[in-house]
Trainee: 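Please see the structure below; I have some questions.
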Amino acid sequence: EDQVTQSPEALRLQEGESSSLNCSYTVSGLRGLFWYRQDPGKGPEFLFTLYSAGEEKEKERLKATLTKKESFLHITAPKPEDSATYLCAARHRGGSNYKLTFGKGTLLTVNP
Amino acid sequence: GAVVSQHPSRVICKSGTSVKIECRSLDFQATTMFWYRQFPKKSLMLMATSNEGSKATYEQGVEKDKFLINHASLTLSTLTVTSAHPEDSSFYICSAGDTYNEQFFGPGTRLTVL
């Protein structure tokens, strides 16, 4: 069964305290690992797509990495405005289409 | 990034009525759009894949007669929740891809069925 698991479910950090979020996946025929940020009552906002093991992408304080079994979202010196739910999703074959299977997300709270 | 809009953002309806939600890609053409449902503190669950000019592909357990999807053009897909009941109350989100590599989401529609 195609599965995406994120940990931890919730994470509280002090401003400036770096950490990492984990996303492990078990899907057949991965065609991209996606990271999104979701604020309450809003749709997910695209952050990164990774395609192959060893690939890394950065955007401001965020860096995403990918291995054959998992992906990490590293947050360096976070600020309160980084507080949100971070979702990862694996794109894979589902019938005749490619589709995204999402993890449950990590709720990140950054305290000033 | 590409912009996807949804309308309405919130809707409250009585049990037994039907509700239509629109999803538009504003600055690109999308041959494929996706409809998701998200319950509180839960992940996004794919409901169906909408292909322009053809029938939607529904995920297992999603009733196609209850959740009607129409993808009439390359910029518009609609989801109609027919004979809505309180258990259909949820956050409905659509997405569209402008290339094979990215998928952009709308802001979501909060449906409350009384």
Side-chain angles (χ1 to χ4, degrees), chain A residues 1-10 21 23-25 27 29-52 55 57 59 64 66 84-109, chain B residues 1-7 9-10 21 23-25 28 30-52 54-60 62 69 71 90-112:
Chain A
E1 183 186 352
D2 300 311
Q3 242 180 353
V4 176
T5 304
Q6 290 187 247
S7 63
E9 288 187 13
L21 313 182
C23 170
S24 62
Y25 60 91
V27 300
L30 181 75
R31 291 293 183 271
L33 191 292
F34 290 66
W35 281 97
Y36 291 88
R37 168 191 171 129
Q38 187 176 27
D39 292 299
K42 304 273 183 73
E45 174 189 343
F46 173 79
L47 294 174
F48 304 108
T49 310
L50 303 166
Y51 291 99
S52 55
E55 188 175 358
K57 287 191 178 175
K59 180 180 179 181
L66 182 66
T85 296
Y86 290 85
L87 300 169
C88 79
R91 185 169 67 192
H92 58 98
R93 268 285 183 193
S96 59
N97 291 296
Y98 284 98
K99 64 178 186 179
L100 291 180
T101 295
F102 278 85
K104 291 183 178 180
T106 294
L107 175 60
L108 174 66
T109 304
Chain B
V3 179
V4 177
S5 71
Q6 278 184 245
H7 178 79
S9 58
R10 290 179 177 271
I21 302 170
C23 175
R24 292 181 185 274
S25 56
F28 65 99
T31 54
T32 303
M33 291 183 172
F34 302 85
W35 286 96
Y36 294 82
R37 182 165 53 182
Q38 187 177 33
F39 291 106
K41 298 188 178 181
K42 298 289 186 183
S43 187
L44 277 77
M45 296 299 296
L46 180 64
M47 299 175 65
T49 302
S50 169
N51 295 296
E52 188 266 338
S54 64
K55 291 182 179 180
T57 303
Y58 290 82
E59 293 299 299
Q60 194 172 11
V62 178
I69 291 172
H71 193 156
S90 188
F91 193 50
Y92 292 87
I93 311 175
C94 71
S95 74
D98 62 343
T99 69
Y100 197 58
N101 298 324
E102 294 184 355
Q103 197 172 124
F104 298 95
F105 284 80
T109 296
R110 173 72 60 192
L111 170 63
T112 303

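Just so it is clear: chains get the letters A, B, ... in the order the sequence lines come, proteins before strands, and each one is counted from 1.
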Trainee: Does atom NZ of Lys57(A) have more than 12 heavy-atom neighbours, drawn from other residues, nucleotides or ligands, at distances under 6.0 Å?
Mentor: yes

Trainee: Is there any salt bridge (charged side-chain N to carboxylate O under 4.0 Å, His left out) pair reaching into residues 37-47 of chain A, and which pairs are they, with sequence neighbours excluded?
Mentor: Arg37(A)-Asp39(A)

Trainee: Counting only non-hydrogen atoms closer than 4.5 Å, does Gln6(B) touch chain A with its backbone (N, CA, C, O), its side chain (CB onward), both, or neither?
Mentor: neither

Trainee: Can you confirm whether or not the ring centre of Tyr36(B) sits under 6.0 Å from the ring centre of Phe102(A)?
Mentor: yes

Trainee: In terms of heavy-atom pairs under 4.5 Å, which option from Lys99(A), Glu9(A), Gln6(A) contacts chain B the most?
Mentor: Lys99(A)

Trainee: Let me know if Leu44(B) has heavy atoms under 4.5 Å from chain A in its side chain, its backbone, both or neither.
Mentor: both

Trainee: Where is the tightest heavy-atom contact between Met33(B) and Ala96(B), given as atom of each residue plus distance?
Mentor: CG-CB, 3.9 Å

Trainee: Side chain, backbone, both or neither: which part of Leu100(A) has an atom under 4.5 Å from a heavy atom of chain B?
Mentor: both

